[in-house]
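Notes for the one structure printed next.
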Amino acid sequence: MARIPIFLMGLVVIWAALAEAEYMIYKDATKPLNSRIKDLMSRMTLEEKIGQMTQIERGVASAEVMKDYFIGSVLSGGGSVPSKQASAETWINMVNELQKGALSTRLGIPMIYGIDAVHGHNNVYKATIFPHNVGLGATRDPNLVKRIGAATALEVRATGIPYVFAPCIAVCRDPRWGRCYESYSEDPKLVQAMTEMVSGLQGDIPANSSKGVPFVAGKTKVAACAKHYVGDGGTTKGINENNTQISRHGLLSIHMPGYYNSIIKGVSTVMVSYSSWNGVKMHANRDMVTGFLKNILRFKGFVISDWEGIDRITSPPHANYSYSIQAGISAGIDMIMVPNNYKEFIDGLTSHVKNKVIPMSRIDDAVTRILRVKFTMGLFENPLADNSLVNELGSQEHRELAREAVRKSLVLLKNGESAAEPLLPLPKKATKILVAGSHADNLGYQCGGWTIEWQGLGGNNLTSGTTILTAIKNTVDPSTEVVYKENPDADFVKSNNFSYAIVVVGEPPYAETFGDSLNLTISEPGPSTIQNVCGTVKCVTVIISGRPVVIQPYVSLMDALVAAWLPGSEGQGVADALFGDYGFTGTLSRTWFKTVDQLPMNIGDQHYDPLFPFGFGLSTKPTKTI
């Protein structure tokens, strides 16, 4: 037998040692999840762990920052984009550039990029804009909501992003709240049914999965986020970020049920609410975040703060940031949406751990949960996005789905002075018709807040879509003359001998606190448009709003009334029902009050005297011959 030279044997031993050193359990996708987490955790320094708990805004992020501070997550705030009207490829390049910074660290832990996709991929130019949740609630169709979730996931992944801050499972109990349109309903049971959005975004959890464990079904799905935990929709007078005064039983029976369903469906993350419960800020509420969500509900994903959520533990915000860090992390929040002053956050948290103000066990719990989500969704195996899904963004198939959602969300509140003489469906063939109102030809208004910009925009240049006026023109007979005048006076209406009129009015776009309203009126000149037009000619009024608004004074003037909520980019769905290609099927997911003095007023209340009750909605039959 030939002798192997000693130096060769030495090389073999060194090579074997190197191979063993290179093999890391956490990088091996065949190993069990818990083994991978345990192995990676054992290798991490405190600095690397705190980096994982830090989420920073795109505007302050760079590959260098990711690498130097071991940043675990980046987000786009509302309207935060790599460039105006950025393409899917531009988004992918931006996300991948930041990801490469994260991957260049010692352990190569990928970052997770998050974005608000609350009615489609709403920050992104040419994405499909679906109806806001208030309209989806009116469809009473959880399967439709699931399909919208799946379409949204594809459009988000088309831009290289794997994580969305949706769905909002708030139970809005007072329409004066500026986020009421982000809530499916005042009824917790309906909100529970609509948590199918989670399954649409993430995929269906396998039958044998443990309850409470996060799940994402691969590269065409995204991690979801149930928000805002808990009681965000119950604040006094609907004041945003304010105090929800309610018993524990009330909190658990009204505001909590959507979380039970979301957790069972494998939701990856839960976002904490800015609001307080009986005077205690949710961002500092250890009993509800750790005690209830983590220990009783056995939620195993990660808990994330809202934007500057820990800053707002103090009044004024950021008055004592050291205390805010201690209170928020001790409450059980795992990832902090800092989002800008990340050095201050990292230094403050590091100091608290070194001084034993926050135990290492709390840091380890947070990082374990963050890594669990990252491993589960395949981020370690597929950290970088490619261009394979770019054609999903604003695809025709998704626009058709949004159009279906629009027509199913419409609620017909009045149709003729009597059932024997309905105005709808409207005849497509008429000599001359009038389309009027501030919202008839305004894509931005019909999309509402959280569209391209955080607060939304007016006009028709923000993104791609079909206004209601365009939809009407597309639908009527070619011989029908369509006259559009935004705010005609009564003389104009009288002198033109119109066959009928369609008036489209409502609220301007808004988001969050900017939408808080104590009077809930239709914006001017809406009321005068209704009076000038509907006082003179047969008219249907279409209301574009994020919630019920004051309409009682005008109902008698109108021949027909439609609540269209915030329908999004596909206005054709409104015309589909107005002209009878499809019937009206939507029913109110919210109580429609007579006067604001009655608020809050919800289904099941002892004193319940609405203009239109929860669940109300007239129906029509389609006239289309197929």
Side-chain angles (χ1 to χ4, degrees), residues 129 131 135 399-400 402-416 422-448 458-460 463-488 492-493 496-506 522 525-526 529-530 532-534 536-545 558-586 620 622-624:
I129 305 297
R399 292 187 184 278
E400 289 299 329
R403 179 176 171 179
E404 176 191 346
V406 172
R407 60 178 176 257
K408 287 181 174 177
S409 70
L410 303 173
V411 181
L412 182 58
L413 297 172
K414 181 180 179 179
N415 192 15
L423 179 63
L424 302 179
L426 296 166
K428 291 181 183 178
K429 196 162 188 171
T431 312
K432 184 161 62 168
I433 67 170
L434 173 65
V435 180
S438 50
H439 290 55
D441 191 32
N442 197 311
L443 188 64
Y445 281 13
Q446 75 188 42
C447 289
N460 293 332
T463 192
S464 304
T466 305
T467 69
I468 293 165
L469 174 65
T470 302
I472 291 165
K473 288 177 174 175
N474 290 345
T475 308
V476 295
D477 189 89
S479 66
T480 302
E481 184 187 347
V482 178
V483 175
Y484 168 62
K485 198 158 175 64
E486 191 173 320
N487 188 28
F492 175 85
V493 181
N496 262 283
N497 200 23
F498 292 112
S499 306
Y500 58 82
I502 301 168
V503 176
V504 192
V505 292
I522 292 167
T529 308
I530 293 169
N532 290 344
V533 176
C534 299
T536 312
V537 65
K538 273 197 182 311
C539 91
V540 53
T541 300
V542 179
I543 304 288
I544 303 293
S545 67
M558 307 166 186
D559 297 280
L561 172 62
V562 176
W565 314 111
L566 297 170
S569 60
E570 304 313 304
Q572 195 65 48
V574 177
D576 284 344
L578 288 178
F579 293 96
D581 288 342
Y582 292 84
F584 281 91
T585 57
T620 60
T623 55
K624 179 161 86 168

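For this chain, numbers begin at 1 and follow the sequence in order.
- Panel note: side chain N415, backbone L424; a donor-acceptor pair is recorded below 3.5 Å.
- Between T529 and P488, the shortest heavy-atom distance links the atoms CG2-CD, 4.3 Å.
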Original post:
N460 and Y445: side chain to side chain contact (heavy atoms under 4.5 Å, CB included), yes or no, with the steps?
Top reply: CA-CA 9 Å; N460 293 332; Y445 281 13; over 6 Å; no

**OP:** Begin with the C-alpha distance, continue with both residues' side-chain angles, and end with the deciding distance and a verdict on side chain to side chain contact (heavy atoms under 4.5 Å, CB included) for F579 and T623.
**Re:** CA-CA 8 Å; F579 293 96; T623 55; over 6 Å; no

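- Within the 3.5 Å criterion, the main-chain N or O of C539 finds a donor-acceptor partner in the side chain of D559.
- Side-chain N or O atoms of T480 include one that pairs as donor or acceptor with a backbone N or O of K428 at under 3.5 Å.
- Side-chain atoms of S569 come within 3.5 Å of backbone N or O of I129 as a donor-acceptor pair.
- T475 contributes a side-chain N or O that, together with a main-chain N or O of A471, makes up a donor-acceptor pair within less than 3.5 Å.
- Here the closest non-hydrogen pair linking L566 and C447 is CB-O, 4.1 Å.
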Original post:
Are L469 and V482 close enough, and set up right, to give a side chain to side chain contact (heavy atoms under 4.5 Å, CB included), and what steps lead you there?
Top reply: CA-CA 9 Å; L469 174 65; V482 178; 4.3 Å; yes

Original post:
What's the verdict on side chain to side chain contact (heavy atoms under 4.5 Å, CB included) for I468 and H439, showing C-alpha distance, side-chain angles and the deciding distance?
Top reply: CA-CA 8 Å; I468 293 165; H439 290 55; over 6 Å; no

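- A search for salt bridge (Lys or Arg N to Asp or Glu O under 4.0 Å) contacts involving E486 returns nothing, not counting sequence neighbours.
- Rounded to the nearest 0.5 angstrom, N487 CG and N532 CG are separated by 6.5 Å.
- Rounded to the nearest 0.5 angstrom, T467 OG1 and E570 CD are separated by 11.0 Å.
- When all heavy atoms of A564 and P567 are compared, the pair lying nearest together is O-CD, 3.5 Å.
- Panel note: side chain W565, backbone P131; no donor-acceptor pair is recorded below 3.5 Å.
- Closest approach of G573 and R407 over heavy atoms only: O-CB, 3.4 Å.
- For N497, the CG atom counts as loosely surrounded, since its 6.0 Å shell holds 12 or fewer non-hydrogen atoms of other residues, nucleotides or ligands.
- Panel note: side chain K538, backbone L423; no donor-acceptor pair is recorded below 3.5 Å.
- Here the shortest heavy-atom pairing between G568 and L443 reads O-CD1, 4.4 Å.
- Checking side-chain atoms of N496 against main-chain N and O of F498 turns up no donor-acceptor pair under 3.5 Å.
- A pairwise comparison of heavy atoms in V476 and I433 identifies CG1-CD1, 4.1 Å as the closest pair.
- Formation of a donor-acceptor pair under 3.5 Å by the Y582 side chain with backbone atoms of E404 is not found in this model.
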